[in-house]
**Student:** 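The structure's right below; bear with me while I get my questions together.
One is the number of the first residue; the rest follow in order along the sequence.
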Amino acid sequence: MLSGRSDLSPYRPLSRDREGRTEKAESPPRTAPPFCVLLGPDYAGKSSVLAELRRTAAPWRLVSVDDTFLAPEHALIGRLRRDVVKDVAPHTARWSPDFLAAMVHTAVVHLRDRIVDGDPWTPVVVDSYYYKFLAKCRLAGVPDEPLLTWWRSFPQPERVIYLDVAPESAWRRSGEGADLNCLEHYGQDPEPYGFRRYQTDLDRLVREEIRDLPVTVLAEQADAARTAATVRELIAHELG
């Protein structure tokens with residue numbers, strides 16, 4: 001478990017020193033409600049946990065770019081995400097890494113906006129936030145400056161709850177590769193070795209991004225309802 005705490009209300013953007021550590025820079029104050037981030041590799045079970053939290057009427061706002069959590073007026077975000085996977089990411093000869101990041105940026109800013117612009121008195125649970133998007137952009141060759149550095153200036157959570165999963169389990173959950181997209185594995189076609197290498201690298205980069213934050217790691221569990229119950233307890237303890 002990692003330790004530390006962030007100043008959220010008002011917050012100051014985070015920058016990186018030469019060793020990659022976060023340091024606060026001056027910025028105009030901006031209010032954000034307390035929030036937690038639910039994070040993990042692909043097929044870690046975040047969507048199932050969020051669906052269970054919503055089903056049981058959680059007292060927090062749930063923020064995600066999954067289609068089932070998007071308001072009708074924000075359906076564009078879902079369409080753009082699908083277009084990135086279908087038309088941009090598979091064709092690296094046609095599109096630059098910078099263009100890929102610019103497309104992904106829409107989802108990242110949407111998550112930030114939903115945190116900051118909602119009811120300031122209601123705590124928030126956020127699906128992945130910018131951490132996973134940033135890690136995937138880095139794996140695609142996107143440079144840190146300027147866009148990824150700006151993402152790191154966004155408000156930071158009270159706690160990250162990290163759902164751990166073995167690549168072998170994630171591979172089975174993906175229908176043994178049938179449900180994968182090109183931003184979830186190495187190589188032209190899905191296969192276990194390329195998936196395992198990609199997910200291992202993704203896990204490493206995500207953990208690097210959250211190393212200065214309070215993090216609770218949940219070991220893999222077979223039962224989604226039990227995982228959701230544990231997550232609910234952790235969030236209730238942190239956010240009330």
**Student:** Gln221 and Thr227: which non-hydrogen atoms are nearest, and at how many Å?
**Tutor:** CB-OG1, 3.5 Å

**Student:** So which heavy atom on Leu202 is nearest to which on Lys136, and how close?
**Tutor:** CD1-CG, 3.7 Å

**Student:** Among Asp164, Leu234, Leu38, find the one that has a side chain to side chain contact (heavy atoms under 4.5 Å, CB included) with Leu218.
**Tutor:** Leu234

**Student:** Any donor and acceptor pair, going by atom type alone, linking the side chain of Gln156 with main-chain N or O of Phe154 inside 3.5 Å?
**Tutor:** yes

**Student:** Please check if the side chain of Gln199 supplies one atom and the backbone of Asp42 the other of a donor-acceptor pair under 3.5 Å.
**Tutor:** yes

**Student:** Tell me if the centroids of the rings in Tyr129 and Phe35 come within less than 6.0 Å of each other.
**Tutor:** yes

**Student:** Stepwise, does the side chain to side chain donor-acceptor pair (under 3.5 Å) test hold for Ser174 with Glu184?
**Tutor:** CA-CA 10 Å; Ser174 75; Glu184 296 174 338; over 6 Å; no

**Student:** For the backbone of Leu62 and the side chain of Arg54, can you confirm whether one donor and one acceptor N or O come within less than 3.5 Å of each other?
**Tutor:** no

**Student:** Backbone N or O of Ile235 within a donor-acceptor pair of the Arg159 side chain at under 3.5 Å?
**Tutor:** no

**Student:** Enter the distance from Tyr131:OH to Leu111:CG here, rounded to the nearest 0.5 Å.
**Tutor:** 11.5 Å

**Student:** Please determine if Asp201 and Arg196 form a salt bridge, counting it only when a charged side-chain N lies under 4.0 Å from a carboxylate O.
**Tutor:** no

**Student:** Between Tyr162 and Arg207, is there a cation-pi geometry (under 6.0 Å to ring centre, at most 45° from the normal)?
**Tutor:** yes

**Student:** Please give me the minimum heavy-atom distance between Ala228 and Glu52, naming the atom from each residue.
**Tutor:** CB-CG, 3.4 Å

**Student:** Between Glu176 and Trp171 (side chain of the first, backbone of the second, donor and acceptor by atom type, cut-off under 3.5 Å), is there such a pair?
**Tutor:** no

**Student:** Strictly by modelled atom types, are Arg197 and Thr200 linked by a side-chain donor-acceptor pair under 3.5 Å?
**Tutor:** no

**Student:** I need the Arg55 CZ to Ser48 OG distance, nearest 0.5 Å.
**Tutor:** 12.0 Å

**Student:** Is it true that the side chains of Asp203 and Tyr198 contain a donor and an acceptor less than 3.5 Å apart?
**Tutor:** no

**Student:** Does a donor on one side chain and an acceptor on the other come within less than 3.5 Å for His105 and Trp150?
**Tutor:** no

**Student:** For Arg138, is there an ion pair with Glu209 - N to carboxylate O distance below 4.0 angstrom?
**Tutor:** yes

**Student:** Taking Trp95 for its side chain and Asp87 for its backbone only, find out whether a donor-acceptor pair lies under 3.5 Å.
**Tutor:** yes

**Student:** Which heavy-atom pair separates Cys137 from Leu148 by the least distance, and what is that distance?
**Tutor:** CB-CD2, 4.2 Å

**Student:** Ignoring hydrogens and geometry, is there a side-chain-to-backbone donor-acceptor pair from Lys46 to Asp127 under 3.5 Å?
**Tutor:** no

**Student:** Testing the basics here: between Ala101 and Leu147, what is the closest heavy-atom pair and its distance to 0.1 Å?
**Tutor:** O-CD2, 3.6 Å

**Student:** Quick test of your reading of the model: are Arg211 and Glu208 salt-bridged, counting only N-O distances below 4.0 Å?
**Tutor:** no

**Student:** Show the numbers, then the answer: is there a side chain to side chain donor-acceptor pair (under 3.5 Å) between Tyr43 and Asp179?
**Tutor:** CA-CA 10 Å; Tyr43 300 93; Asp179 298 331; 5.2 Å; no

**Student:** Not counting sequence neighbours, which residues clear salt bridge (charged side-chain N to carboxylate O under 4.0 Å, His left out) with Arg226? List them please.
**Tutor:** none

**Student:** Side chains of Thr56 and Arg232 only: does a donor on one sit below 3.5 Å from an acceptor on the other?
**Tutor:** yes

**Student:** If I take atom CZ from residue Arg114 and atom OG from residue Ser64, how far apart are they, to the nearest 0.5 angstrom?
**Tutor:** 12.5 Å

**Student:** For the backbone of Ile161 and the side chain of Thr216, can you confirm whether one donor and one acceptor N or O come within less than 3.5 Å of each other?
**Tutor:** no

**Student:** Let me have the donor-acceptor pairs involving side chains of residues 66-79, under 3.5 Å, with sequence neighbours excluded, atom names and distances please.
**Tutor:**
{"from": "Asp66", "atom 1": "OD2", "to": "Ser47", "atom 2": "OG", "distance (Å)": "3.0"}
{"from": "Asp67", "atom 1": "OD1", "to": "Arg82", "atom 2": "NH1", "distance (Å)": "3.2"}
{"from": "Asp67", "atom 1": "OD2", "to": "Arg82", "atom 2": "NH1", "distance (Å)": "2.5"}

**Student:** If you round to the nearest 0.5 Å, how far is CZ of Phe195 from CG of Asp189?
**Tutor:** 15.0 Å

